[in-house]
Amino acid sequence: MFTGIVKGMAVVTSTSKSKSGAETIIRVRLGKLGRGLKKGDSVCINGACLTATKLSNGEAEFEMVSETIRRTSLGQTRPGEMVNVERSLRVGDRLEGHFVLGHVDGTGIIEDMEKKSSETTIWINLDRELIKSVVPKGSIAVDGVSLTLVGVEDNRVSVSLIPHTLKVTTLGMRHRGDRVNIETDILGKYVMTNLPKRQN
């Protein structure tokens, strides 16, 4: 469980196939973000909950199965790229974002970026299945960052970012056409999934 409050950015140092060839291994230099991290712990990388399988010299390895590669943008990540990092929520921690599971629903494409001195509005094109579980003025996680939806249209949504968010997350490095990981609000998903069943 996470909150979508990114603790920092880390650099991807390598990507490779596992010995069996069934998984893709991504290696990330966590630095101080990895303090206290143990093998088997969960870490949110660009919005996807991954398990640390190997730790050494401030770096951590995470194995990604085919479903993770299919549903997220992590399979396209290359060495040298920066990723958003959030450690798992501990009981008693302050909840400043919203409940994020790290179970990416799919990806979206940045369609437009409207930059102003005080804020940047990003329009993201989403698959219609994702749009169904979007709640206007509700929460959404974009590459693991907890954001509030500003606009919801037929096939796209918008979020507004303050300069601080652009500075401390990878969203400040994004451009039109970039693919981002999307996790819609868990409450909206439960309502969408269960309400039709109760009506039948």
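These values consider heavy atoms only, across backbone and side chains, with no hydrogens, waters or symmetry-generated copies.
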Heavy-atom side-chain contact between [X] and [Y] under 4.5 Å:
X      : Y      : result
Asn181 : Val142 : no
Met82  : Met173 : yes
Ile124 : Ile109 : no
Val85  : Val6   : no
Glu86  : Val43  : no
Ile122 : Leu161 : yes
Phe2   : Leu89  : no
Leu37  : Leu30  : yes

Arg27/Ser56 under side chain to side chain donor-acceptor pair (under 3.5 Å): CA gap, chis, key distance, verdict: CA-CA 10 Å; Arg27 189 176 181 87; Ser56 64; 2.6 Å; yes
Where is the tightest heavy-atom contact between [X] and [Y], given as atom of each residue plus distance?
X      : Y      : answer
Leu55  : Ala60  : CD2-CB, 3.5 Å
Val134 : Leu126 : CG2-CD1, 4.1 Å
Leu130 : Thr184 : O-CG2, 4.0 Å
Ala48  : Thr72  : CB-CG2, 4.4 Å
Gly108 : Ile182 : N-CG1, 3.8 Å
Arg87  : Arg35  : NH1-O, 3.1 Å

Are [X] and [Y] connected, step by step, through hydrophobic side chains (Ile, Leu, Val, Met, Phe, Trp, Tyr) whose heavy atoms are closer than 4.5 Å?
X      : Y      : value
Ile5   : Leu33  : no
Val157 : Leu147 : yes
Met64  : Ile45  : yes
Leu166 : Met113 : yes
Leu101 : Leu149 : no

Basic-acidic side-chain contact under 4.0 Å: Arg156, Asp112: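 So Arg156 does not pair with Asp112 through a salt bridge.
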Arg179-Thr107 side chain donor-acceptor pair, cut-off 3.5 Å: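 On atom types as modelled, these side chains qualify, holding a pair under 3.5 Å.
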Modelled atom types, side-chain donor and acceptor of Thr170 and Asn84, under 3.5 Å: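 Per modelled atom types, Thr170 and Asn84 side chains form a pair under 3.5 Å.
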Derivation of the salt bridge (charged side-chain N to carboxylate O under 4.0 Å, His left out) call for Asp143 and Arg174: CA-CA 11 Å; Asp143 273 351; Arg174 294 300 188 186; 2.6 Å; yes
Quick one: does [X]'s side chain have a donor or acceptor within less than 3.5 Å of a partner on [Y]'s backbone?
X      : Y      : result
Thr169 : Thr165 : yes
Arg71  : Ile69  : no
Glu63  : Ile25  : no

Evaluation steps, side-chain contact (heavy atoms from CB on, under 4.5 Å), between Val150 and Thr148: CA-CA 6 Å; Val150 175; Thr148 300; 5.9 Å; no
[X] [atom1] to [Y] [atom2] distance, which is reported to the nearest 0.5 Å:
X      : Y      : atom1 : atom2 : answer
Thr77  : Asn46  : OG1   : CG    : 6.0 Å
Glu67  : His103 : CD    : NE2   : 11.0 Å
Ile140 : Asp105 : CD1   : CG    : 8.5 Å

With sequence neighbours excluded, residues passing side-chain contact (heavy atoms from CB on, under 4.5 Å) with Ser66: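 Applying side-chain contact (heavy atoms from CB on, under 4.5 Å) to Ser66 gives none.
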Selection residues 117-126 - residue pairs positive for side chain to side chain donor-acceptor pair (under 3.5 Å), sequence neighbours left out: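 Residue pairs passing side chain to side chain donor-acceptor pair (under 3.5 Å), neighbours aside: Glu111-Asn125, Glu114-Trp123, Glu119-Ser160, Thr121-Ser160.
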Sequence-distant partners of Arg128, salt bridge (charged side-chain N to carboxylate O under 4.0 Å, His left out), two or more places apart: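 Salt bridge (charged side-chain N to carboxylate O under 4.0 Å, His left out) check on Arg128 returns nothing, list empty.
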Test log, rule side-chain contact (heavy atoms from CB on, under 4.5 Å), inputs Cys49 and Ser42: CA-CA 6 Å; Cys49 178; Ser42 296; 3.7 Å; yes
Qualifying residue for salt bridge (Lys or Arg N to Asp or Glu O under 4.0 Å) with Arg29, from Glu81, Glu61, Glu59: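 Running salt bridge (Lys or Arg N to Asp or Glu O under 4.0 Å) over Glu81, Glu61, Glu59 with Arg29 returns exactly one hit, Glu59.
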Criterion side-chain contact (heavy atoms from CB on, under 4.5 Å) on Val100 and Thr3, from CA distance to verdict: CA-CA 5 Å; Val100 175; Thr3 65; 5.9 Å; no
Criterion side-chain contact (heavy atoms from CB on, under 4.5 Å) on Leu74 and Leu50, from CA distance to verdict: CA-CA 11 Å; Leu74 289 176; Leu50 302 177; 4.0 Å; yes
